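Chain letters run A, B, ... following the sequence lines, proteins first, then strands; residues in each count from 1. Worth saying up front: this structure is predicted, and the values here are computed from it rather than measured.
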Amino acid sequence: MEVSNREVAEQLSLMGDLLEILDGNAFKVRAYRRAAEVIGRMAAPVAGMEEDELAALDGIGTGIAKKIREIEETGTFPELEDTRSNMPSTLIDLLNIEGVGPKTIKTLWRKLSIQSVEDLERAARGHRIRAIKGFGEKKEQGFLKAIALFREQSGRMTRLQADAVVERVRQVLAEGTFEFAGSYRRGKSTVGDIDIVVSESPALVNPRLRTVADEMIEEGDRRTSIRCLGTRVDVRFASPRQFGSMLLYLTGSKPFNIKLREMAMDRGLKLNEYGIFDHKTGKMHTFGREEEIFSFLGMDYVVPELREDWGEVDAAVHHALPTLVTIQDIMGDLHVHSEWSDGNFSLRDLAHEGEKRGYRFLVCSDHSATLGITHGLDEEALRRQQHEIEMINRGGSDCQLVKGVEVDILADGSLGLPDTILADLDVVIASVHSALTQEIDQMTRRVLSAMENENVDIIGHPTGRILGERHPAEIDMDRIIAHAVETGTALECNASPYRLDLDDSQIKEAVSRGARIAIGTDAHKPAELAYMQFGVTTCRRGWATPGAILNTRSLSEFLEWASS
DNA sequence: GCCGTTTTCGGCCCGACTGTTTTCAGTCG
């Protein structure tokens, strides 16, 4: 069986972790992690690529290219196995404990034979750690606390969870004196912690933060960290005249910051979170707003969503950044469920809610009958629903309902409803809901064959991932995108904060190759129509212009696209 | 390990906070 990109990325990332503990060369560690990240977001499977093709990729050289080949042939590579044999594999779990890094792990392992989180916990409880030089009572307590936290926390938050933390912290901050930063501001589909830049003084803000904090993690004049609703919140203080520099720094991403700082370095400048230091003149330039920094560096402004070191820095230097789609461009929602299947909306409510949002159209896309659990529609029900839609539309709502369906792509690639029915509908979304563990080639051919059906307009949530719960299905996104372009089938960006599927990097690939993207909230109740913002943000992160997004078309343009 | 409009060698972003220290290492963002 062919090795997947995710598996290759995991092996390279593991190598980075092991090296961090054993070898200590931070640049080598960074190189492995960077390579893992690059492989992780590639559409084309690395299996089958030539070594020189791989080495041509940014961040991958001849060394790692060779290792990828070896992973494909043997499932691993010699350096990884060598490194592994020199240490217990459970050591790397310790990297996930806050406050425990590679040096600490090495010391604990050498001096106390600590090999796992359990070992560390026992040693701390038994007060055996304070015996080591450089360690004390507070470290022991810190380890125990961090272990408890590690066990109750399960990775990154959805955007909805992040919003809850943001709202709580916002209550104690004064309007106009702060800005949320980090991955939250960049619009990432999941968020690890919350970062905020605040212009009021720490003396003023720290006591207020205390009132919404589960605990104060650290408290300083320049930086304060709290735990809020179980989430780490990092606050950086900046005077108004340095606010722009701090916001830029804290928004990241880390690779973006490094890229920008390297670029500044090339020009004899030092960029940090306080400003730009000119080595020649000895002058420190400060910036109240981010825009001024980009302008000082002779680049276009890079919006937070693009700051990932995916090519945006060069594009900004060459004034070649795309004009991104905005929420104001959105004319309608392309994937909504009503009470005719498993949704809570009546059709009339739907039209009304769409009107309230200023939409010109909504695609009613209830499930087909093959999906037993969701009371799917059969031919009879569909016809009755279509009749009702016509009645409502005749009422003259500003938001017209579009007759659609979300039909299952069955395990063999056939569809859950006959062509005769599909042909009567304006929009057909075809989605995989079952047999999600098929092998990559079978899953890919299954979706390709759905695209072959001339009635199918959109492939719904193409990878089927559920954030934090279900990995994306193994599917060859390279072939899917190629066929989407060929057949004129759109790929969905499912805007549910639990899916966001396609993801940002897949959208970037699809858009760059001319594929069309359909944003659908998959709303089952009125409040979920607001998920549109998550879909738009994800598409912006994927460099999508309004022209690439079907939702920006007028109703007639959209229907024309669907019928062609 | 990667990379290169000076370079195939010698660089690789930069700073805050804590704990355990008599000046700094380690971790983190």
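- Residue Tyr32(A) is classed as a sugar-phosphate contact, given heavy-atom separations below 4.0 Å to backbone atoms only.
- Note that CZ of Arg170(A) is 4.5 Å distant from CD of Glu167(A), once rounded to the nearest 0.5 Å.
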Item checked: nucleotides 24-29 of chain B: protein proximity per nucleotide (B base, S sugar-phosphate only, - neither; heavy atom, under 4.0 Å) -> --SSSB
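- Taking atom P on both dC13(B) and dG4(B), the two are 14 Å apart, rounded to the nearest angstrom.
- Comparing the C1' positions of dT23(B) and dT18(B) gives an interatomic distance of 15 Å, to the nearest angstrom.
- Listed nucleotides: dT18(B), dC2(B), dC12(B). Nearest to the side chain of Ile64(A): dC2(B).
- Inspection of the Thr251(A) and Arg185(A) side chains reveals an N or O donor paired with an N or O acceptor under 3.5 Å.
- Per the geometry, CD1 belonging to Ile276(A) stands 12 Å off P belonging to dC14(B), to the nearest Å.
- Leu19(A) comes within contact range of no nucleotide atom at all, as no heavy-atom separation falls under 4.0 Å.
- Annotation: side chain of Arg222(A) is not in contact with side chain of Phe237(A) (no heavy-atom distance under 4.5 Å).
- Rounded to whole Å, atom P of dC2(B) lies 10 Å from atom NZ of Lys28(A).
- If you take atom C1' in dG29(B) and the same atom in dT22(B), they sit 28 Å apart, rounded to whole Å.
- Residue-level contact check: Gly59(A) touches the backbone only, with heavy atoms under 4.0 Å from sugar-phosphate atoms and none from bases.
- Within a 6.0 Å sphere centred on NE2 of His319(A), heavy atoms belonging to other residues, nucleotides or ligands number more than 12.
- Of the residues near DNA chain B, Ile217(A) and Lys133(A), the one whose nearest nucleotide (by heavy atom distance) lies more toward the 5' end is Ile217(A).
- Between Phe296(A) and Phe287(A), the ring-plane angle classifies as perpendicular under the 30° and 60° cut-offs.
- Following rounding to the nearest Å, Asn25(A) (CG) and dC12(B) (C1') show an atom-to-atom distance of 10 Å.
- Nucleic acid contact for Glu137(A): sugar-phosphate only, since backbone atoms but no base atoms lie under 4.0 Å from a heavy atom of the residue.
- Using Watson-Crick or G-U wobble geometry with both donor-acceptor distances under 3.5 Å, dT8(B) finds no partner in any strand shown.
- Atom name C1', nucleotides dT27(B) and dT20(B): the rounded distance is 14 Å, in whole Å.
- In the set dC13(B), dG15(B), dC17(B), the nucleotide with an atom closest to the side chain of Lys270(A) is dG15(B).
- With both ends at atom C1', the span from dG1(B) to dT8(B) equals 14 Å, rounded to whole Å.
- The shortest distance between side-chain heavy atoms of Lys145(A) and Glu215(A) falls below 4.5 Å.
- A gap of 25 Å separates the P atoms of dC12(B) and dC17(B), to the nearest Å.
- Taking atom C1' in both dG10(B) and dG15(B), the straight-line distance is 24 Å, to the nearest Å.
- If you take CZ of Arg267(A) and P of dT5(B), they are 14 Å apart, rounded to a whole angstrom.
- Across all strands shown, Leu260(A) has no heavy atoms under 4.0 Å from either base or sugar-phosphate atoms.
- Sequence order on DNA chain B of the closest nucleotides to Lys67(A) and Arg30(A) puts Lys67(A) first from the 5' end.
- In this structure, the nucleotide among dC3(B), dG15(B), dC13(B) sitting nearest to the side chain of Tyr274(A) is dG15(B).
- Atom-to-atom, CD of Glu140(A) to P of dT18(B) comes out at 20 Å; the value is rounded to the nearest Å.
- Counting heavy-atom neighbours within 6.0 Å of Lys111(A) NZ, excluding the residue itself, gives a total of 12 or less.
- Counting only heavy atoms from C-beta outward, the side chains of Leu91(A) and Ile114(A) never approach each other to under 4.5 Å.
- Here dG1(B) presents its P atom at 14 Å from CG of Leu18(A), a figure rounded to the nearest Å.
- The same atom, C1', is picked in dG26(B) and in dT21(B); the two are 13 Å apart, to the nearest Å.
- Rounded to whole Å, the distance from CZ on Phe27(A) to C1' on dG11(B) is 8 Å.
- With rounding to whole Å, Lys138(A) atom NZ is found 5 Å from dG19(B) atom P.
- Remark: Glu200(A) CD to Ser239(A) OG distance equals 13.5 Å, nearest 0.5 Å.
- Between Asn257(A) and dC13(B) there is no side-chain polar atom (N or O) within less than 4.0 angstrom of OP1 or OP2.
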